> 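Mind looking over this structure? Questions follow.
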Amino acid sequence: MPVRVRYAPSPTGEPHLGNIRTALFDWLLARHEGGQFILRIEDTDQARYAEESVGAQMEALHWLGLDWDEGPDIGGPFAPYVQSERLEIYREHAERLIDNDRAYRCYCSTERLDRVRKELQARKQPPRYDRYCRSLTPDERATAEATGVAPVVRFKTPLDGETVTVDALRGDVTFQNDTLDDFVILKSAGFPTYHLASIVDDHLMEITHVLRGDEWLSSAPRHQLVYEAFGWDPPVFAHLSRILGPDKAKLSKRHGAHSVLHYREQGYLPDALINFLGLLGWSLDDRTEIISREEFVSHFDLSRALTNPAVFNAEKLDWMNGVYIRAMNPEEFAEAARPFLERAVGRTVDMGRLMPIMPLLQERVKLLSEIGDMADFFFVEGALEYTVESLLGKKFAEQPDAAAVALTRVAERVESVADWKHEALEAAIRPLAEELEMKAGPLFGLVRVAVTGRSAAPPLFETMAVLGREIVVERLNDALKRLPPNFS
RNA sequence: GCCCCCGUCGUCUAGAGGCCUAGGACGCCACCCUUUCAAGGUGGAGACCGCGGGUUCGAAUCCCGCCGGGGGCACCA
């Protein structure tokens, strides 16, 4: 039997790291086993449905290269893959459970339900349904029907005994049935709850492995019971650990629970994010940190997944992204970087202008979004923005005259360099330091600010070589003009 | 209140009785390289394996108890 794994997001919000990590594990398992990866939309909550969410989910998967074999957009042998289009199926199955005396209609109002729960809580009892409608007499049922209230369908949970669920990572987990209540499987509006829809779909779609967050572990016995009631074999369940924020609380917007599309905007590379997420709660061995998608696929093994929660380590993700950036070839990097640079300088930049500066930036950025700040001076027209203080730095702070002399002499040499290459520029300027009786560092620092507007930048002469003689001279002269007037 | 899960450096993790004086990675600190910033190299600090009992010649690894953290107890998934 082929392995079939599904990623079944509910379109209520953004595809954040936790969801996508589950999707990644789903995908890895399917690809490793040579099975199918299925995308299914669980939109059975009419109240929380968010229109743009389905598209965001698919875009996130696309961006990360997690391709699916069956899904709402491409169809498949078990279509439809959107639960709101399968209501009749759930209704029939709920009906079947009622006929088999494994479920019943419940007419209780939400007010009564709330009251019951509150009373139980006041008595320090677990808040749950009191099974009032489970034992309605035919007369009482007829009366309830006559009122016209739309009933829900509840599952008849065994009153005693225990239910053993099997978790692929934890082994048997046993629950006492008397801690479970009669949960709703079909809402009054005709929509199923997760407890019915996911079970019915997973069975009908021949899903073999269900990976989900461990917040589902406490619901596992319910699902086990539903499978048993239908006479079906349950799939393999694996409850994955949570991804936590730095404060060990649930990952929130404050520390990275953004949509993964947000990571794209920040300039993270899909391969880097895959690498990072794949190593959150899973490991290959005691030393592998950088691992390709292909290696993941060939080595992925569910049994090496961890059950303990993992804190999201943003610094490590950034480091890893830098590793991937440096591993790109120059063309790839330029293509990836261009949109970020264009956004920063506010106009289009052609590859011809871009390619020469790419090597200077590639080993200096961790995120593509840093490129704007780091390289905009290559494209800015007119005067740069910087202060005289930063231009003079520590070395020239007390002697602007010396800075003026240095800048003038550098400009002269720059004008006369025959072969406009960084080697020639260095050969022309480095000796100047000795002539001016100073070290090369401070001199270069002065020129660096004059030419780039900042004290930290790519190597000076390579930068000048790319900038071109005209701009370099212009910027040196501009720097000269900013120096305080010479009173001597 | 009840039920379930989890517990190795700050963080991600390796570890399935002796290979562990607990290994790797991020981050941090030095030093090297160096025109700045990065990158790279070398070294370092950092975990009494949550705590307490057992079992065993021997336990991070097995058992029990406790503590701490998290999750669930909806006509949400």
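Model, not experiment: these values are computed from the prediction. We name chains A, B, ... by the order of the sequence lines, and we start the count at 1 in each one.
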> Which nucleotide, B/C37, B/C5, B/C2, lies nearest any side-chain atom of A/Thr179?
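Of all the options, the side chain of A/Thr179 is nearest to B/C2.
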
> Please work out if A/Gly281 contacts a base, only the sugar-phosphate, or nothing of the nucleic acid, heavy-atom cut-off 4.0 Å.
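Sugar-phosphate contact only - A/Gly281 comes under 4.0 Å of backbone atoms but never of a base.
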
> Hey, is A/Arg293 close enough to A/Asp271 for a salt bridge, meaning N to O under 4.0 Å?
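A salt bridge links A/Arg293 with A/Asp271.
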
> Is the charged tip of A/Arg222 near the ring of A/Phe155: under 6.0 Å from the six-membered ring centre and within 45° of its axis?
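No, A/Arg222 does not sit over the ring of A/Phe155.
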
> For B/C66, what is the paired nucleotide under Watson-Crick or G-U wobble rules, both distances under 3.5 Å?
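Pairing partner: B/G50.
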
> Looking across every strand, which nucleic acid part, if any, lies under 4.0 Å from A/Thr288 by heavy atom: base, sugar-phosphate, or nothing?
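It contacts nothing in the nucleic acid.
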
> Side chain of A/Val311, heavy atoms from C-beta onward: which of B/C37, B/U11, B/G24 has the nearest atom to it?
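Closest nucleotide to the A/Val311 side chain: B/U11.
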
> Taking any heavy-atom pair under 4.0 Å as a contact, classify A/Pro459: base, sugar-phosphate, or nothing.
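Result for A/Pro459 = base.
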
> Test the A/Arg112-A/Tyr132 pair against the cation-pi criterion, namely NZ or CZ under 6.0 angstrom from the six-membered ring centroid and within 45° of the ring axis.
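So A/Arg112 does make the cation-pi contact.
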
> Salt-bridged, A/Glu426 to A/Lys421, with N to O below 4.0 Å?
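Answer for the salt bridge query: no.
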
> With sugar-phosphate meaning primed atoms plus P, OP1 and OP2, does A/Ser241 contact a base, only sugar-phosphate, or nothing at under 4.0 Å between heavy atoms?
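It contacts nothing in the nucleic acid.
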
> Taking the minimum atom-to-atom distance to the side chain of A/Pro127, which one of B/C73, B/U13, B/A39 wins?
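Between B/C73, B/U13, B/A39, the one nearest the side chain of A/Pro127 would be B/C73.
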
> Indicate, with a heavy-atom threshold strictly under 4.0 Å, whether A/Ala440 touches base, sugar-phosphate, or nothing.
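Nothing, no nucleic acid heavy atom in range.
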
> For nucleotides B/C31 and B/C48, find the distance between their P atoms and express it as a whole number of Å.
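Those two atoms are separated by 29 Å.
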
> Relative to A/Tyr107, does A/Arg105 satisfy both conditions: NZ or CZ under 6.0 angstrom from the six-membered ring centre, and within 45 degrees of the ring's axis?
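Judged by the rule (NZ or CZ under 6.0 Å from the ring centre, within 45° of its axis), A/Arg105 is not positioned above A/Tyr107.
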
> With heavy atoms under 4.0 Å as the rule, sort A/Pro192 into base, sugar-phosphate or nothing.
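Result for A/Pro192 = sugar-phosphate.
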
> Taking only the side-chain heavy atoms of A/Leu217 (C-beta and beyond), determine which of B/C4, B/G27, B/A14 contains the nearest atom.
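Looking only at heavy atoms from C-beta outward on A/Leu217, the closest nucleotide is B/C4.
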
> Using atom C1' in both nucleotides, what's the gap between B/A25 and B/A14 to the nearest angstrom?
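Rounded to whole Å, the distance is 11 Å.
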
> Measure from CG on A/Asp286 to C1' on B/A60 and round the result to the nearest Å.
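Going from A/Asp286 (CG) to B/A60 (C1'), I get 16 Å.
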
> How close or far is atom C1' of B/C26 from atom CZ of A/Phe312, stated in whole angstroms?
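In whole Å, B/C26 C1' lies 12 Å from A/Phe312 CZ.
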
> If you measure from the Lys or Arg side-chain nitrogens to the Asp or Glu carboxylate oxygens, is any gap between A/Arg131 and A/Asp182 under 4.0 Å?
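Looking at A/Arg131 and A/Asp182, the cut-off is met.
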
> With rounding to the nearest 0.5 angstrom, report the CD to CG distance, A/Glu315 to A/Leu317.
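The CD atom of A/Glu315 sits 9.5 Å away from the CG atom of A/Leu317.
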
> Between A/Glu370 and A/Arg364 (salt bridge meaning N to carboxylate O under 4.0 Å), is one present in this structure?
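No, no charged N to carboxylate O under 4.0 Å.
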
> Please report, rounded to the nearest Å, how far the P atom of B/A39 is from the CG atom of A/Leu367.
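Going from A/Leu367 (CG) to B/A39 (P), I get 13 Å.
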
> Let me know the distance between CZ of A/Arg21 and P of B/C12, rounded to the nearest Å.
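Distance check: A/Arg21 CZ to B/C12 P gives 12 Å.
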
> Under 4.0 Å: is that the gap between some side-chain N or O of A/Arg40 and OP1 or OP2 of B/A77?
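False: A/Arg40 side-chain N/O out of range (4.0 Å or more) of B/A77 OP1/OP2.
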
> Taking the nucleotide of RNA chain B with the nearest heavy atom to each, does A/Gln125 or A/Pro458 sit closer to the 5' end?
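It is A/Gln125 whose nearest nucleotide is closer to the 5' end.
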
> Using a cut-off of 4.0 Å on non-hydrogen atoms, how would the nucleic acid contact of A/Lys124 be classed: base, sugar-phosphate, or nothing?
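The answer is sugar-phosphate, as A/Lys124 gets under 4.0 Å only of primed atoms, P, OP1 or OP2.
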
> What nucleotide among B/C37, B/A39, B/G27 has an atom nearest to a side-chain atom of A/Glu363?
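Of the options given, the side chain of A/Glu363 lies nearest B/A39.
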
> How long is the line joining CD1 of A/Ile185 and P of B/C76, in whole Å?
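My rounded result for the distance is 13 Å.
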
> If you look at every strand shown and take non-hydrogen atoms under 4.0 Å, does A/Ser188 touch a base, only sugar-phosphate, or nothing?
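Contact class for A/Ser188: base.
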
> From the list B/G7, B/U35, B/A38, which nucleotide is the closest neighbour of the side chain of A/Leu460?
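Among the listed nucleotides, the one closest to the side chain of A/Leu460 is B/U35.
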
> What is the distance from CG of A/Asn313 to C1' of B/C12, rounded to the nearest Å?
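Spelled out: CG on A/Asn313 to C1' on B/C12 is 6 Å.
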
> Base, sugar-phosphate, or nothing: which does A/Lys439 touch, judged by heavy atoms less than 4.0 Å apart?
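A/Lys439: no heavy atom of the nucleic acid under 4.0 Å.
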
> A/Val173 near the nucleic acid: base, sugar-phosphate alone, or nothing, with a heavy-atom cut-off under 4.0 Å?
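A/Val173: backbone/sugar contact only, no base atoms under 4.0 Å.
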
> Using only side-chain N and O atoms of A/Lys187, determine if any of them is under 4.0 Å from OP1 or OP2 of B/A77.
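Answer is yes, contact under 4.0 Å.
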
> Does A/Arg128 or A/Tyr194 map to a spot on RNA chain B nearer the 5' end, using the closest nucleotide for each?
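This one resolves to A/Arg128.
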
> If we take the C1' atom in both B/A77 and B/C19, what is their distance in whole Å?
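Result for the C1' pair: 47 Å, nearest Å.
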
> Quote, to the nearest angstrom, the P distance that separates B/A60 from B/G53.
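About 14 Å, rounded to a whole number of Å.
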
> Check this one for me: any side-chain N or O of A/Arg242 less than 4.0 Å away from OP1 or OP2 of B/C5?
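No, because none of the side-chain N or O atoms of A/Arg242 sits under 4.0 Å from OP1 or OP2 of B/C5.
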
> What nucleotide, of B/A39, B/C3, B/C75, holds the atom closest to the side chain of A/Val184?
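Given the options B/A39, B/C3, B/C75, the side chain of A/Val184 is closest to B/C75.
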
> So, does A/Arg430 get its side chain near the phosphate of B/U35, meaning an N or O under 4.0 Å from OP1 or OP2?
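So the side-chain polar atoms of A/Arg430 do come within 4.0 Å of the phosphate oxygens OP1 or OP2 of B/U35, strictly under.
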
> Contact class for A/Thr12 vs. all strands (heavy atom < 4.0 Å): base, sugar-phosphate, or nothing?
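Nothing: the residue A/Thr12, judged by heavy atoms under 4.0 Å, touches no strand.
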
> Which is true for A/Arg123 with a 4.0 Å heavy-atom rule: it touches a base, it touches only sugar-phosphate, or it touches nothing?
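No contact.
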
> Provide the closest heavy-atom pair for A/Asp181 versus A/Arg128 in the form atom of the first, atom of the second, distance.
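Shortest heavy-atom separation between A/Asp181 and A/Arg128 comes out as OD2-CB, 3.2 Å.
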
> Mind checking the P distance from B/A16 to B/G72? Whole angstroms is fine.
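My reading of the P atoms in B/A16 and B/G72 gives 33 Å.
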
> Please evaluate the base of B/G24 for a donor-acceptor partner in the side chain of A/Glu289 within a cut-off of under 3.5 Å?
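Under the 3.5 Å cut-off, the side chain and the base do form a donor-acceptor pair.
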
> Is there a side-chain contact between A/Ser219 and the phosphate of B/G72, meaning an N or O under 4.0 Å from OP1 or OP2?
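Checking B/G72 against A/Ser219, no side-chain N or O comes under 4.0 Å of OP1 or OP2.
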
> Calculate the interatomic distance between A/Gln362 atom CD and B/A38 atom C1'; express it in whole Å.
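Taking CD of A/Gln362 and C1' of B/A38, I get 13 Å after rounding.
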
> Any strand counts, and the cut-off is 3.5 Å on both contacts for Watson-Crick or G-U wobble. Which nucleotide pairs with B/G10?
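Paired with B/G10, as far as the under-3.5 Å criterion goes, is B/C26.
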
> When the C1' atoms of B/G43 and B/C6 are compared, how many Å lie between them, rounded to an integer?
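That atom pair is separated by 36 Å.
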
> Could you state the CZ-C1' distance from A/Arg170 to B/G70, rounded to the nearest angstrom?
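Rounded to whole Å, this separation is 12 Å.
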
> Please tell me which of the listed nucleotides, B/C12, B/G1, B/C3, lies nearest to the side chain of A/Leu280?
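Side chain of A/Leu280 sits closest to B/C12.
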
> With respect to the side chain of A/Glu42, which nucleotide from B/A77, B/A38, B/A14 is positioned closest?
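Minimum distance to the A/Glu42 side chain belongs to B/A77.
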
> With a non-hydrogen cut-off below 4.0 angstrom, is A/Arg326 in contact with a base, only sugar-phosphate, or nothing?
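Here A/Arg326 touches the backbone only, sparing every base.
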
> With sugar-phosphate meaning primed atoms plus P, OP1 and OP2, does A/Arg212 contact a base, only sugar-phosphate, or nothing at under 4.0 Å between heavy atoms?
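Counting heavy atoms under 4.0 Å across all strands, no contact is made by A/Arg212.
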
